> 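One structure coming up, written as structure tokens, with questions to follow.
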Amino acid sequence: MTDRKDYISREKFMAELWRYKKGSVTRRHFLGVTGLGAATAVLGSAMPGLRSSAWAQGGIGDRVVLATWPNYHDPANFEAFTAATGAAVDMNVFGSNEEMLAKLQAGGSGWDVFVPTNYAVTTYVDEGLIEPLDVTRIPNYDAATFEQRFAGAGTVDGTVYGVPKNWGTTGFAVNTAQLGGLAKPTTWKEFWDITMAEFSGRTMVHDYQLTTIGNALKYYGYSFNSVDPNELADAEKLLIEAKPHLFAINSDYQPSMRSGDAWMTVCWSGDGKQMNRDMPEIEYILGKEGGELWSDFYAIPKGAPHMDAAYALINFLLDPAVNAKESLFHGYPVADSRVNALLPPEVLNDPILYPAAELLDALEFGAAVTLTDPNRAELMARFKSA
């Protein structure tokens, strides 16, 4: 694929991407300014078998609807998919698994593919909201090439409901240029303390109970997944105290961090990598007390309206060449050894993407109970309305 810098600087590209995502410019403008219109044609010629029957299934319709997370896909790959199949990718962006679950429970989502996190899959299965996958329709999925640690949650009672997308960590990002004489924070206790002091009015947290409550629990040394009423009460006290000092509660925090309106945020590792790549003064930090380790999956909701297109899109995105381009764009690791073989050493050795063992070992995978625990849901509601 032609290097995007032939067309536009990375900073300009990200600025245009934000404008396009928010509907401020047309698709034609975005493709023209960024050079992605030309890039799509180059991508198609650069990938052997792009139009092959391995994924470009005939008669899949003219659209496929994807529910996913912010800043999580390379637009050029979607353009290549559309060029090869005729099916446009309509993307719905969400900030939490609670939002995704509520939308599916309400019915009529119109989604064909969605991206649940490891701990949420069993809830979707229990509530009959997710299709078992026919892996024969995903020839690019090879279970043997995926690291089981990050792939196992997609299979429930021997049935595959999700195939691995990416994995990562949840830490925080800080604009070190704004620290002044302060030492760089390295713990969740320091994150919250600075939020309520020197960074008052400049910190963001996710609109997502798992991470926001979880990292408030870490302030006290509790489990990220705790549902203990007394421990949740301590976390709520901290969150309510911090609320007046926050810049915003929003899971799409990159625009505010890049503009300098926000100086620190709870952050997923890929977002941390994207910001650090473009603005080195923004550093990604894993709190020494621990936090979250996660993996995401491609899945199909029950009754997806464009089933053939859903399988075609998942299969396309799991093509190792496509998946490598995805990873290089969004900065999240892939648990597929075929993809890792295509990535440069500097990516595989990046400490943001692949943390030191002592930091990684302190992290916890989210627990299924946190998604449905009423106390956590009510705590988050009180925090947001305070």
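Here the structure is a predicted model, which means the values were calculated and not measured. No hydrogens, no waters, no symmetry mates; every other heavy atom, side chains included, goes into these values.
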> For the residue pair Tyr141 and Phe146, categorise the inter-ring angle as parallel (less than 30°), tilted (30 to 60°) or perpendicular (more than 60°).
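Because their plane-to-plane angle lies in the 30° to 60° range, the rings of Tyr141 and Phe146 count as tilted.
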
> Between Asn140 and Asn315 (side chain of the first, backbone of the second, donor and acceptor by atom type, cut-off under 3.5 Å), is there such a pair?
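Flag set: sc Asn140 to bb Asn315 pair under 3.5 Å.
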
> Do Leu318 and Asn323 pass the side-chain contact (heavy atoms from CB on, under 4.5 Å) test, and can you show the C-alpha distance, the side-chain angles, and the key distance before you say yes or no?
CA-CA 6 Å; Leu318 289 185; Asn323 211 347; 4.1 Å; yes

> Keeping Ser327 on the side-chain end and Ala324 on the backbone end, is there a donor-acceptor pair under 3.5 Å?
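Checking the backbone N and O of Ala324 against the side chain of Ser327, no donor-acceptor pair under 3.5 Å is found.
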
> Could you tell me if the ring centre of Phe94 sits under 6.0 Å from that of Trp111?
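So the answer is yes for these two rings.
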
> Sub-3.5 Å donor-acceptor pair from the side chain of Arg202 to the main-chain atoms of Phe247, do we have one?
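Pair absent, no side-chain N/O of Arg202 close to backbone of Phe247.
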
> Is Ser269 close to Glu292 at the side-chain level, that is, under 4.5 Å between some pair of heavy atoms?
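The answer is no; the side chains never approach within 4.5 Å.
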
> Taking the cut-offs as 6.0 angstrom to the six-membered ring centre and 45 degrees off its axis, would you call Lys165 and Phe150 a cation-pi pair?
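No, Lys165 does not lie over the aromatic ring of Phe150.
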
> Ring centres of Phe114 and Tyr124 under 6.0 Å apart?
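Yes - the distance between ring centres of Phe114 and Tyr124 falls below the 6.0 Å cut-off.
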
> Under 4.0 Å between a Lys/Arg side-chain N and an Asp/Glu carboxylate O for Arg382 and Glu236?
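Yes, charged N to carboxylate O under 4.0 Å.
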
> Consider only side-chain heavy atoms of I, L, V, M, F, W and Y, link residues closer than 4.5 Å, and tell whether Leu239 and Leu210 are in one cluster.
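No.
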
> What heavy-atom pair brings Asp252 and Pro70 nearest, and what distance separates the two atoms?
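Closest approach of Asp252 to Pro70, heavy atoms only: OD1-CB, 3.9 Å.
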
> Please report the C-alpha distance between Val334 and Asp336 in whole Å, then the side-chain angles of each, then the deciding distance to 0.1 Å, and finally whether the side-chain contact (heavy atoms from CB on, under 4.5 Å) criterion is met.
CA-CA 5 Å; Val334 180; Asp336 185 345; 3.7 Å; yes

> Run Met264 and Phe172 through side-chain contact (heavy atoms from CB on, under 4.5 Å) and show every step you take.
CA-CA 7 Å; Met264 189 164 64; Phe172 58 91; 4.3 Å; yes

> Could you go step by step and tell me if Asp308 and Arg137 meet the salt bridge (Lys or Arg N to Asp or Glu O under 4.0 Å) rule?
CA-CA 9 Å; Asp308 289 341; Arg137 300 184 67 180; 2.5 Å; yes

> Does any N or O in the side chain of Asp112 come within less than 3.5 Å of the main-chain N or O of Ala304, such that one atom is a donor and the other an acceptor?
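Checking the backbone N and O of Ala304 against the side chain of Asp112, no donor-acceptor pair under 3.5 Å is found.
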
> Before you tell me yes or no, could you show the steps for Asn349 and Tyr354 under side-chain hydrogen bond (donor to acceptor under 3.5 Å, both in side chains), namely the whole-Å CA-CA distance, both residues' side-chain angles and the distance that decides it to 0.1 Å?
CA-CA 7 Å; Asn349 295 322; Tyr354 301 91; over 6 Å; no

> Within the 4.5 Å heavy-atom criterion, are Phe81 and Leu313 side-chain neighbours or not?
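With C-beta onward as the side chain, the pair touches.
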
> So do Leu293 and Arg149 actually touch side chain to side chain, heavy atoms under 4.5 Å?
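Yes, close enough: below the 4.5 Å cut-off.
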
> How are the rings of Trp263 and Phe199 set relative to one another: parallel (under 30°), tilted (30 to 60°) or perpendicular (over 60°)?
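The arrangement is perpendicular - the two ring planes meet at more than 60°.
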
> Verify whether one side chain among Asn276 and Glu283 offers a donor that lies under 3.5 Å from an acceptor in the other.
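No donor-acceptor contact under 3.5 Å links the two side chains.
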
> So does Asp142 pair up with Arg338, basic N to acidic O under 4.0 Å?
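Not counted as a salt bridge, because no side-chain N and carboxylate O are separated by less than 4.0 Å.
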
> Report whether Met204 and Ile194 are members of the same hydrophobic cluster (ILVMFWY, side-chain heavy atoms less than 4.5 Å apart, transitive linking).
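No: no chain of side-chain contacts under 4.5 Å links Met204 to Ile194.
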
> Can you see which heavy atom on Tyr253 is nearest to which on Asp271, and at what distance?
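Here Tyr253 and Asp271 meet closest at OH-OD2, 2.7 Å.
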
> How about His330 and Gln274: does a side-chain donor come under 3.5 Å of a side-chain acceptor?
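No, Gln274 and His330 have no side-chain donor paired with an acceptor closer than 3.5 Å.
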
> What's the shortest heavy-atom distance between Leu359 and Pro355, and which atoms?
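Closest heavy-atom pair between Leu359 and Pro355: CB-CB, 4.4 Å.
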
> Do Gln209 and Ser96 meet the criterion of a side-chain donor-acceptor pair at a distance under 3.5 Å?
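Their side chains do not contain a donor-acceptor pair, so the 3.5 Å distance test is not met.
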
> Take Asn250 and Asp207 through the test side-chain hydrogen bond (donor to acceptor under 3.5 Å, both in side chains) and record every step on the way to the result.
CA-CA 5 Å; Asn250 193 323; Asp207 187 5; over 6 Å; no

> Treating Ser259 as the side-chain partner and Ser256 as the backbone partner, does any N or O pair qualify as donor plus acceptor under 3.5 Å?
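Flag set: sc Ser259 to bb Ser256 pair under 3.5 Å.
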
> If you count the non-hydrogen atoms of other residues, nucleotides and ligands that lie under 6.0 Å from CG in Asp361, is the total more than 12?
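Result for CG/Asp361: enclosed.
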
> Contact between Thr117 and Phe297 at the side-chain level, heavy atoms closer than 4.5 Å - yes or no?
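Of all side-chain heavy-atom pairs linking Phe297 with Thr117, none is under 4.5 Å.
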
> Output yes when a side-chain donor or acceptor of Lys243 lies under 3.5 Å from a complementary backbone atom of Ala386, and no otherwise.
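The answer is yes, because a donor-acceptor pair under 3.5 Å joins these two groups.
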
> Please check: side-chain N/O of Arg376 versus main-chain N/O of Ser226, any donor-acceptor pairing under 3.5 Å?
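Confirmed, Arg376 side chain pairs with Ser226 backbone.
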
> Can you see whether Phe224 has Lys218 sitting over its ring - NZ or CZ less than 6.0 Å from the centre and within 45° of the normal?
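No, a cation-pi geometry is absent between Lys218 and Phe224.
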
> For residues Leu182 and Ile282: do they belong to one hydrophobic cluster (side chain heavy atoms under 4.5 Å, members Ile, Leu, Val, Met, Phe, Trp, Tyr)?
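No; tracing contacts between hydrophobic side chains, which count when under 4.5 Å, never links both residues.
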
> Looking at every non-hydrogen atom in both residues, tell me the closest pair between Ser200 and His245 and how far apart they are.
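Minimum heavy-atom contact is OG-ND1, 2.7 Å.
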
> Are Met380 and Val369 grouped together when hydrophobic residues (ILVMFWY) are joined by side-chain heavy atoms under 4.5 angstrom apart?
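Unlinked, Met380 and Val369 end up in two clusters.
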
> For the pair Lys325 and Asp74, find out whether any cationic side-chain nitrogen is under 4.0 Å from an anionic carboxylate oxygen.
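Salt bridge absent between Lys325 and Asp74.
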
> Report yes if the distance between the aromatic ring centroids of Tyr220 and Trp192 is under 6.0 Å, otherwise no.
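Centroid distance Tyr220-Trp192: not below 6.0 Å, so no.
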
> Please determine, by modelled atom types, if Tyr222 and Asp228 share a side-chain donor-acceptor pair under 3.5 angstrom.
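Distance-only check fails for Tyr222 and Asp228.
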
> Could you go through Asp134 and Thr136, starting from their C-alpha distance and side-chain angles, then the distance that decides it, and tell me whether this counts as side-chain hydrogen bond (donor to acceptor under 3.5 Å, both in side chains)?
CA-CA 5 Å; Asp134 179 357; Thr136 66; 2.5 Å; yes

> More than 12 foreign heavy atoms under 6.0 Å from NZ of Lys302: is that the case here?
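Yes.
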
> Kindly give the heavy-atom pair with the smallest separation between Ile130 and Ala299, and that separation in Å.
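Distance-wise, the nearest heavy atoms are CD1-CB, 3.7 Å.
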
> Assess the pair Tyr219 and Phe191: is the distance between their ring centroids shorter than 6.0 Å?
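Between Tyr219 and Phe191, the centre distance exceeds or equals 6.0 Å.
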
> Tell me if a side-chain donor or acceptor on Ser295 pairs with a main-chain N or O of Trp167 at a distance below 3.5 Å.
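Between the backbone of Trp167 and the side chain of Ser295 there is no qualifying donor-acceptor contact (under 3.5 Å).
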
> If we ignore angles and hydrogens, is there a donor and acceptor under 3.5 Å between the side chains of Asp296 and Tyr332?
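There is no such pair between these side chains.
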
> Could you state whether Val93 and Met257 fall into the same hydrophobic cluster, counting links through intermediate Ile, Leu, Val, Met, Phe, Trp or Tyr residues with side-chain heavy atoms under 4.5 angstrom apart?
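Same cluster: Val93 reaches Met257 through Ile, Leu, Val, Met, Phe, Trp or Tyr contacts under 4.5 Å.
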
> Trp188 and Val266: side-chain contact (heavy atoms from CB on, under 4.5 Å), yes or no, with the steps?
CA-CA 10 Å; Trp188 285 108; Val266 176; 4.2 Å; yes

> Could you tell me if the side chain of Thr176 sits less than 4.5 Å from the side chain of Lys184, heavy atoms only?
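Yes, close enough: below the 4.5 Å cut-off.
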
> Would a 4.5 Å heavy-atom cut-off, applied to side chains only, mark Leu101 and Leu129 as touching?
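Yes, side chains in contact.
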
> Whether the Thr211 and His206 side chains hold a donor-acceptor pair (N or O, under 3.5 Å, no angle test) is what I'd like checked.
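Judged by distance alone, the side chains do pair up.
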
> Would you say the side-chain atoms of Glu131 pair up with the backbone N or O of Gly303, donor to acceptor, closer than 3.5 Å?
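Yes, the answer is positive, given that a donor and an acceptor are paired below the 3.5 Å cut-off.
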
> When you compare the side chain of Asp350 with that of Ile352, does any pair of heavy atoms fall below 4.5 Å?
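Ile352 vs Asp350: side chains touch.
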
> If we count only N and O atoms by modelled type, under 3.5 Å, do the side chains of Glu281 and Asn175 hold a donor and an acceptor together?
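Distance-only check fails for Glu281 and Asn175.
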
> Asn225 side chain to Phe365 main-chain N or O, any donor-acceptor pair under 3.5 Å?
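At least one qualifying donor-acceptor pair exists.
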
> Do you know which two heavy atoms are closest between Met275 and Cys267, and how far apart they sit?
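Closest approach of Met275 to Cys267: CE-SG, 3.9 Å.
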
> Side chains of Tyr208 and Asn97: any donor to acceptor distance under 3.5 Å?
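Yes, because at least one side-chain N or O of Asn97 sits under 3.5 Å from a partner of the opposite role on Tyr208.
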
> Quick one: are Glu231 and Leu217 in side-chain contact, heavy atoms under 4.5 Å?
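Answer yes - side chains close enough.
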
